[in-house]
Chemist: 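So that we are looking at the same thing, I have put the structure below in structure tokens.
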Amino acid sequence: MEHHYGSLYWPTTWHKHEAYAPLRQNLRKEVAIIGGGMSGSICAHTLLEAGLSVVMLERDEISGGSTSANTGLLQYANDIMLHELGEQIGTKDAVAFYSSCRMAVHQLRELASRLPKEVEFVDRSSFYYASTNEDVAKLQREYEMLKAHDFDVEYWSETKIREQFPFSKPAALVMHGDAEVNPYRFVRTIADDCVRQGMEVYEQTEVVTHKSEAGIHTLTTADGYTIEADHVIYAIGYEPEELRGQLIKADINRSYAAVTAPQPSLEAWHGRYMIWETQRPYLYMRTTEDGRIVVGGLDEEQAEPLADDDARHKRIDKLEKSIRSMFPMLDQPVEFEWSAAFGESRDNLPFIGKDPAWDGVYYCLGYGGNGTVYSMLAAGIIRDLIQGQDPHPVARIVRLDRPSLAEV
Ligand SMILES: Cc1cc2nc3c(=O)[nH]c(=O)nc-3n(C[C@H](O)[C@H](O)[C@H](O)COP(=O)(O)OP(=O)(O)OC[C@H]3O[C@@H](n4cnc5c(N)ncnc54)[C@H](O)[C@@H]3O)c2cc1C
């Protein structure tokens with residue numbers, strides 16, 4: 001499956017990264033991670049710090065999959081609002097899940113600060129606006145629920161929005177404690193840091209078979225080498241073909257994103273907030289360190305990203321117009337644009353945890369707009385499972401055999 005078509009922005013920000021050789025020997029490790037994207041790398045770093053011997057195997061390049069198409073917003077609020085999630089799984093669990101996502105944003109912040117290179121991690125607040133007047137009541141309800149559970153959130157009226165921004169919206173929530181990152185730099189730097197600490201990382205190394213006997217897992221690569229491991233983690237993004245319909249109830253859609261040339265001034269953009277909305281699929285925007293605007297959205301129910309340049313450019317024109325309609329003064333043109341596959345779980349929760357029928361096998365599949373936050377959450381959950389510690393507070397909520405999946 002192709003992950004994306006078009007011209008990606010993030011890989012252009014960092015050409016001088018390490019390349020890792022393919023696996024050319026047999027190995028024995030405690031943990032083998034399949035996939036070198038956001039999920040695999042964060043898991044690897046977390047397990048390495050917990051003292052485990054780990055190898056990461058990537059079919060193509062580290063950070064080359066969905067991770068390089070990612071727009072780098074790190075938000076604790078999910079595609080499903082807290083009060084709606086409460087209706088789905090109960091308020092207590094919904095609050096526990098949102099709190100864990102907030103903690104995961106903080107853990108990402110800490111991880112970024114410990115890395116040896118700058119990864120453009122910046123604390124930012126999010127601006128979540130009501131797309132229509134009908135959504136105002138929903139936003140008010142969400143505000144009350146977030147406030148009641150100690151989330152740092154403000155409610156902005158239409159008047160306040162007009163005072164702070166060059167556009168008008170019926171209402172908005174301003175959520176504090178979020179952040180943005182350059183996802184490509186982040187993941188490559190995490191992988192480099194793992195290697196610096198003695199971990200083995202192999203690129204151009206595809207795992208083609210997985211068998212187990214007497215508690216030992218044996219992976220075979222396309223080049224015929226084997227990796228024996230006590231634990232295997234699947235961090236393979238949106239490609240778990242053999243699991244879909246069994247353990248994974250997900251829809252693979254396609255999404256679009258664009259990045260403008262640097263704008264001479266972003267003064268009109270209050271707090272450089274990360275902007276998104278209540279409508280589904282939603283439009284979202286952020287800025288970059290060098291003053292570009294990243295805009296994304298227009299999701300469509302098609303599994304393959306859009307390869308046709310003309311058809312894709314029509315969607316990108318719409319994204320560009322959305323920027324102009326909110327910030328007419330920010331008129332630098334789009335320089336990079338792409339269409340990418342985007343996986344969403346049917347109950348709006350990620351797939352994290354053990355294979356219910358195969359000991360020593362784990363999944364780290366962060367489907368949804370908060371994939372990076374889920375990757376961080378997954379790393380902690382899987383570490384605890386491997387080390388036999390008390391289960392993480394939300395492990396039950398995101399596990400692959402959870403009840404909420406039976407109903408979708
Ligand atoms: C347009 C777009 C915007 C997004 N924006 C955001 C955002 O703002 N914030 C956010 O948090 N998330 C966002 N996401 C989601 C985010 O990109 C994903 O959740 C995250 O990057 C997925 O990381 P991953 O490691 O799970 O998957 P991937 O990055 O796809 O990595 C999986 C890796 O596994 C490898 N692999 C697969 N099979 C094998 C095999 N058999 N052997 C070896 N290797 C294998 C693949 O080559 C791939 O590199 C966005 C996604 C898209 C498409």
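In each ligand, atom 1 is the first atom listed, and ligand 1 is the first ligand listed. Since the structure is predicted, the reported quantities are computational estimates derived from the model, not experimental observations.
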Chemist: Tyr367: heavy atom below 4.0 Å from ligand 1, yes or no?
Modeler: no

Chemist: Would Gly64 count as a contact residue for ligand 1, given that I'm defining contact as a non-hydrogen atom of the residue lying under 4.0 Å from a ligand atom?
Modeler: no

Chemist: For residues 31-41, please give each side-chain donor-acceptor pair under 3.5 Å, one per line with the distance, not counting sequence neighbours.
Modeler:
| from | atom 1 | to | atom 2 | distance (Å) |
| --- | --- | --- | --- | --- |
| Ser39 | OG | Ser375 | OG | 3.0 |
| Ser41 | OG | Gly37 | O | 2.9 |

Chemist: For residues Asp347 and Ser345, is any side-chain donor paired with an opposing acceptor at under 3.5 Å?
Modeler: yes

Chemist: Out of Leu74, Asn70, Thr205, indicate the one that has the non-hydrogen atom closest to atom 50 (C) of ligand 1.
Modeler: Asn70

Chemist: Which of the numbered atoms in ligand 1 are under 4.0 angstrom from any heavy atom belonging to Leu57?
Modeler: 43 (C), 44 (N)

Chemist: Would you kindly say whether Glu30 and His231 are connected by a side-chain donor-acceptor distance under 3.5 Å?
Modeler: no

Chemist: Do Trp156 and Phe165 come within less than 4.5 Å of each other through their side chains, counting heavy atoms only?
Modeler: yes

Chemist: Any donor and acceptor pair, going by atom type alone, linking the side chain of Asp79 with main-chain N or O of Gly369 inside 3.5 Å?
Modeler: yes

Chemist: Does any donor atom in the side chain of Asn70 or Thr372 lie under 3.5 Å from an acceptor atom in the other side chain?
Modeler: yes

Chemist: Would Ser375 count as a polar contact of ligand 1, with the cut-off being nitrogen or oxygen pairs under 3.5 Å?
Modeler: no

Chemist: Is there at least one pair of N or O atoms, one from Ser66 and one from ligand 1, spaced under 3.5 Å apart?
Modeler: yes

Chemist: Is the terminal nitrogen or CZ of Lys169 (NZ for Lys, CZ for Arg) located under 6.0 angstrom from the six-membered ring centre of Tyr129 and within 45° of that ring's axis?
Modeler: yes

Chemist: Using non-hydrogen atoms of the residue, decide whether Gly369 is closer than 4.0 angstrom to ligand 1.
Modeler: yes

Chemist: Looking only at protein heavy atoms, which one is nearest to atom 40 (C) of ligand 1, and what is the separation?
Modeler: Ile34 CG2, 3.6 Å

Chemist: May I ask you to check if ligand 1 and Val207 share an N or O to N or O distance below 3.5 Å?
Modeler: yes

Chemist: N/O to N/O below 3.5 Å, does that happen between Thr71 and ligand 1?
Modeler: yes

Chemist: Looking only at distances, please establish whether an N/O atom of ligand 1 is found under 3.5 Å from an N/O atom of Gly72.
Modeler: yes

Chemist: Which residue and atom name correspond to the protein heavy atom nearest atom 27 (O) of ligand 1, and how close is it?
Modeler: Gly237 CA, 3.3 Å

Chemist: Counting only heavy atoms, tell me which of Met38, Glu239, Glu58 gets closest to atom 48 (C) of ligand 1.
Modeler: Glu58

Chemist: Would you say Leu74 and Glu180 make side-chain contact, with heavy atoms under 4.5 Å?
Modeler: no

Chemist: Do any nitrogen or oxygen atoms of Thr67 come within less than 3.5 Å of a nitrogen or oxygen of ligand 1?
Modeler: yes

Chemist: For Val187 and ligand 1, answer yes if some heavy atom of the residue is under 4.0 Å from a ligand atom, otherwise no.
Modeler: no

Chemist: Are any of the N or O atoms of Leu73 closer than 3.5 Å to those of ligand 1?
Modeler: yes

Chemist: Does Arg102 count as lying over the ring of Phe151, i.e. NZ or CZ under 6.0 Å from the six-ring centre, within 45 degrees of the axis?
Modeler: yes

Chemist: Are Trp358 and His217 close enough that some pair of their side-chain heavy atoms sits under 4.5 Å apart?
Modeler: yes

Chemist: What about Thr372: any of its N or O atoms under 3.5 Å from an N or O on ligand 1?
Modeler: yes

Chemist: Return the set of residues passing salt bridge (Lys or Arg N to Asp or Glu O under 4.0 Å) with Asp401 (not counting sequence neighbours), or none when no residue passes.
Modeler: Arg399

Chemist: Taking distance alone, with no angle check, do Ala340 and ligand 1 share an N/O pair under 3.5 Å?
Modeler: no

Chemist: Which of the numbered atoms in ligand 1 are below 4.0 angstrom from a heavy atom of Ala69?
Modeler: 1 (C), 2 (C), 3 (C)

Chemist: Just how far is it from atom NE2 of His210 to atom OG1 of Thr220, taken to the nearest 0.5 Å?
Modeler: 10.0 Å

Chemist: Quick one: does Ala341 get within less than 4.0 Å of ligand 1, heavy atoms only?
Modeler: yes

Chemist: Any non-hydrogen atom of Tyr284 lying under 4.0 Å from ligand 1?
Modeler: yes

Chemist: Rounded at 0.5 Å granularity, tell me how far CE in Met326 sits from CZ in Phe167.
Modeler: 3.5 Å

Chemist: Under 4.0 Å from any heavy atom of Asp60, which atoms of ligand 1 are there?
Modeler: 47 (O)

Chemist: Heavy atom to atom 32 (C) of ligand 1, shortest distance: which of Ala235, Gly65, Gly35, Gly368 holds it?
Modeler: Ala235

Chemist: Distance under 4.0 Å to a non-hydrogen atom of Tyr238: what atoms of ligand 1 satisfy this?
Modeler: 15 (C), 18 (C), 19 (O)

